[in-house]
Amino acid sequence: MTGERLAGLRLLLAREGVDGILVRGAANRRYLSGFTGSAGTLLITAGEAVLGTDFRYLEQAGEQAPGWRVVRTASEEERTLGEVVRELGVRRLAFEADHTSCAARDRLERSLAGVELVPVQGWVEQQRRVKDAAEQASIRRAAAVADAVVGQLPRFVRTGQPEERIAAEVEYRLRLAGGRERSFPCIAAAGPRGALPHATPTERVWSSGEFLVLDFGAVVDGYCSDITRTVAAGDPPEELRRVHAAVLGAQKAAREGIRPGLTGAQVDALARRYLTEAGYGEAFGHGLGHGVGLEVHEGPVLSPTSRDLLAPGMVVTLEPGVYLPGLGGVRVEDMVLVTEEGCEVLTRSPRELVCLSTTHG
Ligand code: ZN
Ligand code: ZN
């Protein structure tokens with residue numbers, strides 16, 4: 001599995017004329033090597049795969065990354081890696097600009113005098129966009145955990161509860177349902193606070209007659225899920241009901257139209273056109289979706305300006321939202337796997353507006 005991933009990266013090394021690459025991004029490191037430790041750097045050349053990590057992770061690295069040469073790094077890992085770079089005869093060395101601080105670059109330059117350092121971006125991220133069978137299986141499990149918690153919402157979400165409490169309960173249940181951890185802090189936005197797309201939960205109590213936007217996900221085998229449902233209590237304003245119906249229609253248009261070969265902008269337009277015709281185009285202020293995998297936000301991007309090309313095996317969210325200041329918001333988000341013909345929806349929870357109990361519990 002990781003062998004194929006390495007082969008893809010080595011093709012890039014050859015094509016770009018570099019002798020090796022240092023991989024420091026945590027998700028990229030895990031993707032290529034299987035190593036899940038919190039610290040370490042990969043050095044990959046045409047013939048060698050080296051995993052440098054410190055004393056804490058040596059044993060774990062050996063178990064998780066069979067076939068890799070594990071090197072114990074000292075307190076300044078660049079020095080140890082520099083020795084290996086020289087030993088392997090690397091003259092041009094790529095490094096991940098997005099995952100290397102200025103300070104780390106300075107240390108690299110000091111320990112690699114004479115080696116040409118080449119900043120590169122997205123080499124591994126690009127490859128990660130298309131999920132292989134093992135990754136798809138993990139993502140399906142993570143989606144199932146999110147779905148399980150959606151199914152439990154009527155049991156534990158009540159009016160009279162503050163957003164913070166609701167978010168904490170969601171996260172607790174994600175763990176109980178098999179999530180290793182949450183994929184991001186749960187968003188719970190009650191009433192008018194639903195107009196903030198990324199609201200942080202507060203002491204604000206959810207009341208009857210209001211909508212509640214819940215956005216959450218779980219991590220399983222390192223892979224994330226991401227789902228949003230908007231629920232109601234009591235008798236919410238008619239306008240919000242209309243908004244909910246429009247958001248569902250927009251998401252359906254995207255689900256039915258998404259297919260390989262479209263750009264992120266073209267998929268975004270499917271939903272945006274629908275909401276614009278419904279009169280809510282201006283209130284849909286963010287992109288339609290994003291890739292999901294080892295990170296909850298990764299490529300490809302679905303937005304009005306995205307030129308990312310969709311391909312089978314990509315997993316993306318479709319999350320149209322309408323935000324009306326003072327009134328509230330509606331967002332509905334599902335994860336889909338891009339297939340040869342179109343897409344398969346991975347999150348299976350019903351999307352229709354659900355009215356939850358208004359009894360205080
Ligand atoms: Zn989300
Ligand atoms: Zn999302």
Side-chain angles (χ1 to χ4, degrees), residues 147 149-167 169-170 186-216 227-257 268-289 317-334 345 347-361:
D147 277 335
V149 174
V150 172
Q152 293 169 21
L153 292 178
R155 275 195 251 156
F156 69 88
V157 177
R158 305 248 184 289
T159 54
Q161 293 171 332
E163 296 166 341
E164 275 180 346
R165 152 118 194 226
I166 294 169
E169 293 257 6
V170 165
C186 172
I187 294 169
R193 299 198 73 257
L196 310 168
H198 269 190
T200 307
T202 64
E203 284 298 314
R204 169 70 158 77
V205 164
W206 183 40
S207 304
S208 186
E210 292 181 341
F211 272 18
L212 173 70
V213 180
L214 290 170
D215 187 348
F216 55 87
I227 192 169
T228 305
R229 288 295 181 266
T230 302
V231 297
D235 193 18
E238 188 51 38
E239 162 137 42
L240 281 180
R241 290 178 181 274
R242 277 199 303 275
V243 169
H244 194 276
V247 168
L248 283 191
Q251 204 218 32
K252 183 160 182 266
R255 279 200 315 274
E256 291 178 351
D268 178 274
L270 296 168
R272 199 165 298 278
R273 209 176 299 134
Y274 188 98
L275 282 176
T276 302
E277 279 165 19
Y280 298 115
E282 290 293 310
F284 176 24
H286 56 72
L288 177 64
T317 65
L318 302 175
E319 50 179 305
V322 166
Y323 309 93
L324 302 174
L327 190 61
V330 174
R331 184 167 64 255
V332 175
E333 173 178 30
D334 284 285
V345 183
T347 38
R348 292 163 177 261
S349 302
R351 308 179 185 90
E352 291 65 38
L353 187 61
V354 178
C355 264
L356 297 186
S357 164
T358 55
T359 33
H360 293 233

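FYI, side chains are in, hydrogens and waters are out, and symmetry mates aren't considered; it's all heavy atoms of this structure. Numbers here are sequence positions counted from 1.
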For Glu203, what residues pass the side-chain contact (heavy atoms from CB on, under 4.5 Å) criterion, not counting sequence neighbours?
-> Pro162, Glu164

Residues forming a side-chain contact (heavy atoms from CB on, under 4.5 Å) with Ala167, sequence neighbours excluded = Cys186, Ala188, Pro201

What closest approach, in Å, do Gly321 and Leu275 show between heavy atoms, and which atom pair accounts for it?
-> O-CD1, 4.4 Å

Quick one: pull up CD1 in Ile187 and NE2 in His198 and give me the separation to the nearest 0.5 Å.
-> 4.0 Å

Is there side-chain contact between Tyr274 and Leu248, with at least one heavy-atom pair below 4.5 Å?
-> no

Measuring from Leu212:CG to Ile166:CD1, what's the distance to the nearest 0.5 Å?
-> 5.0 Å

Could you list the donor-acceptor pairs under 3.5 angstrom formed between side-chain atoms of residues 282-289 and any protein atom two or more places apart in sequence or on another chain?
| unit_1 | atom_1 | unit_2 | atom_2 | d |
| --- | --- | --- | --- | --- |
| His286 | NE2 | Tyr323 | OH | 2.7 |

Quick one: closest heavy-atom pair of Ala254 and Ala271, and the distance?
-> CB-CB, 4.3 Å

Apply side-chain hydrogen bond (donor to acceptor under 3.5 Å, both in side chains) to Glu210 and list each qualifying residue two or more places apart in sequence or on a separate chain.
-> Arg204

Contact summary for Gly234 and Ser208, nearest pair of heavy atoms | CA-OG, 3.4 Å

Just jot down the salt bridge (Lys or Arg N to Asp or Glu O under 4.0 Å) partners of Glu239, sequence neighbours excluded, or say none.
-> none

CG on Leu240 to CG on Leu324, rounded to 0.5 Å | 7.0 Å

Residues forming a side-chain contact (heavy atoms from CB on, under 4.5 Å) with Thr200, sequence neighbours excluded = none

Taking only residues two or more places apart in sequence or in another chain, which ones pass salt bridge (Lys or Arg N to Asp or Glu O under 4.0 Å) with Arg155?
-> none

Under the salt bridge (Lys or Arg N to Asp or Glu O under 4.0 Å) rule, collect the residues that match up with Arg241, sequence neighbours excluded.
-> Asp235

Any chance you could measure Arg331, atom CZ, to Phe211, atom CZ, to the nearest 0.5 Å?
-> 14.0 Å

Between the side chain of Asp147 and the main-chain N/O of Thr347, is any donor-acceptor distance below 3.5 Å?
-> no

Taking the side chain as every heavy atom from C-beta outward, state whether Val332 and His244 have any atom pair closer than 4.5 Å.
-> yes

Please round to the nearest 0.5 Å and tell me the distance separating atom CG of Leu214 and atom CD1 of Ile227.
-> 10.5 Å

Would a 4.5 Å heavy-atom cut-off, applied to side chains only, mark Trp206 and Val231 as touching?
-> yes

Residues which pass side-chain hydrogen bond (donor to acceptor under 3.5 Å, both in side chains) with Asp268, listed by chain and number, not counting sequence neighbours = Arg272

Report the residues that fulfil side-chain contact (heavy atoms from CB on, under 4.5 Å) with Ala269, sequence neighbours left out, ordered by chain and then residue number.
-> Arg273

To the nearest 0.5 Å, atom CD of Gln161 lies from atom CG of Leu356 at 10.0 Å

Could you pull out all residues at least two apart from Gln251 that satisfy side-chain hydrogen bond (donor to acceptor under 3.5 Å, both in side chains)?
-> Arg255, Asp334, Arg351

Ala233 and Pro236 have their tightest heavy-atom pair at O-CD, 4.0 Å

Of all residues at least two apart in sequence or in a different chain, which pass the salt bridge (Lys or Arg N to Asp or Glu O under 4.0 Å) check with Glu333?
-> none

